[in-house]
Number of protein chains: 2
Amino acid sequence: MEGAPANEQIASPRRAPSQQRSRERVERMLAAASQLIAEQGSDAMRMGEVAERAGVSIGSLYQFFPDKRAIIWALAERHTTEGQACISAALADVRDAEGLGQAFSELVDIYYRLFLAEPVMRDIWSGTQADKALRQLELADSRANAEFLTAVLKRLRPAADPVALETMAFLVWQMGEAAMRLAVSVERQEGDRLVAAYKRMALRELLTE
Amino acid sequence: MEGAPANEQIASPRRAPSQQRSRERVERMLAAASQLIAEQGSDAMRMGEVAERAGVSIGSLYQFFPDKRAIIWALAERHTTEGQACISAALADVRDAEGLGQAFSELVDIYYRLFLAEPVMRDIWSGTQADKALRQLELADSRANAEFLTAVLKRLRPAADPVALETMAFLVWQMGEAAMRLAVSVERQEGDRLVAAYKRMALRELLTE
DNA sequence: TGCAAATGTGAGGATTACTCATATTTTAAA
DNA sequence: TTTAAAATATGAGTAATCCTCACATTTGCA
């Protein structure tokens, strides 16, 4: 972006809303940002437009978000939080290889549907590499999710090298995200095939000794 | 970016340099851009700085590149061209499964070293999702590379479903790129482990009936 | 009630991508 | 060689955008 001096650091934090009124306004800001990202992508999202659509002044926007990236980051963080809860629940009571296969397969389907339905998620995670803070968030999220998987794997294969299991889980998870991004950027039919191929490949890796 | 009205389209083409003098100047522009991307990333690269470092005026820069993305695109395209030649050569005379394993393994190593050594490549391909034209270039490149792989697979497994082989090759290739991006963004030791795990996983997929 | 803290405002500062009128250099035909 | 057209070069200026800040308003509470 441009405007203020190119700031490589993470921007200074802002006050969190403490009153009911401001909390509602912050919600409106996030909702407006989400809409605009869905319509045009985060790059084309204009701060002035976010403020206008949220019915607040540009100054109010910057009262709670230090800069543009911070809004995007806040939306991304919500998705990761929701996602982790979902994944944790799905993998919590896996007891055997069959259960893992079942749970993993369902998770992939859920995520694929999410990617297809949520342009915001797609947009945010695709811009991930360019933004240090987002990249960190995505890596942390991926590690956290991979850890749920690792825990299951360690339970199923107590004799295996733990580091190898961690590496495999992390890799499989990251590849899933890559497969999703790829799948939604080609024609639907090919996307379906790619996701199915990923699922098969990941399961073979996870379930084979 | 900002400045001119947000332009979603691909910018209008500019004249290609026809004189010796201008061809040299364009080379200097590309070299300057490459340096700056390596130093600060393509987002922080300033057109004015590119011009200054290349020893030309800002106007000259825009004489040959319609906009900022076009410079990045030109650098990206060089990489894809070089890469495809390399891959095509490596896979051309694969005759059996063992040869495929050998060639694929070497390719992964080469790409990993390239990713580690070439910040420009990393930067460009990571920004790929945000830019329609770059995304197209990357997809086309990936498809082209996957096709080399598909050709080999069809030779080795003539009975297999061609579409399935194409899907697998495309997926394996895209995942390789994802694995590389991941590997270079974590500590070196973990990166090495991740690349090794990818290699094993991909080979198992490629070599198993 | 009255005061401090929280919140709200929007004109304007600062930076940057990109344009365009104009000047210079090269090419090549006469 | 002359010369006109095409190619190339220049950089001050335009427009768009992010973000700040001095000041106004509202809320919580003693």
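Hydrogens, waters and symmetry mates play no part in the numbers below; they use all other heavy atoms, side chains included. Note that the coordinates shown come from a computational prediction; the quantities given were computed from them, not determined experimentally. Numbered from 1 within each chain, the chains take letters A, B, ... in sequence-line order.
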Original post:
Any salt bridge between B:R181 and B:E138, counting N to O under 4.0 Å?
Top reply: yes
Original post:
Looking for any heavy atom pair under 4.0 Å, which part of the strands does B:S22 touch: base, sugar-phosphate only, or nothing?
Top reply: sugar-phosphate
Original post:
Which listed nucleotide (D:dA9, C:dT7, C:dG8) is nearest to the side chain of A:S57?
Top reply: C:dG8
Subject >> Heavy atoms from other residues, nucleotides or ligands near CD of A:E52 exceed 12 (cutoff 6.0 Å) >> reply: no
**OP:** Would you mind telling me which of D:dT20, C:dC18, C:dG8 lies closest to the side-chain atoms of A:F64?
**Re:** C:dG8
Subject >> Charged N-O contact under 4.0 Å between A:R113 and A:D109 >> reply: no
Original post:
Relative to the 5' end of DNA chain C, which residue comes earlier, B:I58 or A:I58, by the nucleotide with the nearest heavy atom?
Top reply: A:I58
Original post:
Any chance the side chains of B:W73 and B:E77 put a donor and an acceptor closer than 3.5 Å?
Top reply: no
Subject >> Selection from C:dT7, D:dC18, D:dT8 that lies nearest to any side-chain heavy atom of B:R15 >> reply: D:dT8
Original post:
Can a side chain N or O of A:S18 be found less than 4.0 Å away from OP1 or OP2 on C:dT7?
Top reply: yes
**OP:** Go through D:dC18, D:dA9, C:dT26 for me and flag the one nearest to the A:Y62 side chain.
**Re:** D:dC18
Original post:
Which part of the nucleic acid does A:Q63 contact within heavy-atom distance under 4.0 Å: base, sugar-phosphate only, or nothing?
Top reply: base
Original post:
For the side chain of B:K68, counting heavy atoms from C-beta on, which of C:dG8, C:dT25, C:dA17 is nearest?
Top reply: C:dA17
Original post:
Hey, does the side chain of A:R23 come within less than 4.0 Å of D:dT27's phosphate (OP1/OP2), counting only N and O?
Top reply: no
Original post:
D:dC19 phosphate, OP1 or OP2: any side-chain N/O from A:R69 under 4.0 angstrom?
Top reply: no
**OP:** Using a heavy-atom cut-off of under 4.0 Å over every strand shown, decide if B:S60 touches base, sugar-phosphate, or nothing.
**Re:** base
**OP:** Please check the phosphate of C:dA17 (OP1 and OP2 only) for any side-chain N or O of B:R46 closer than 4.0 Å.
**Re:** yes
Subject >> Listed nucleotide nearest any side-chain atom of A:V56, set D:dT26, D:dA9, C:dT9 >> reply: C:dT9
Original post:
Counting side-chain heavy atoms from CB outward, which of C:dA6, C:dT25, C:dG10 is closest to B:R21?
Top reply: C:dT25
**OP:** Looking at every strand, decide which applies to B:F65 at a 4.0 Å heavy-atom threshold: base, sugar-phosphate, or nothing.
**Re:** nothing
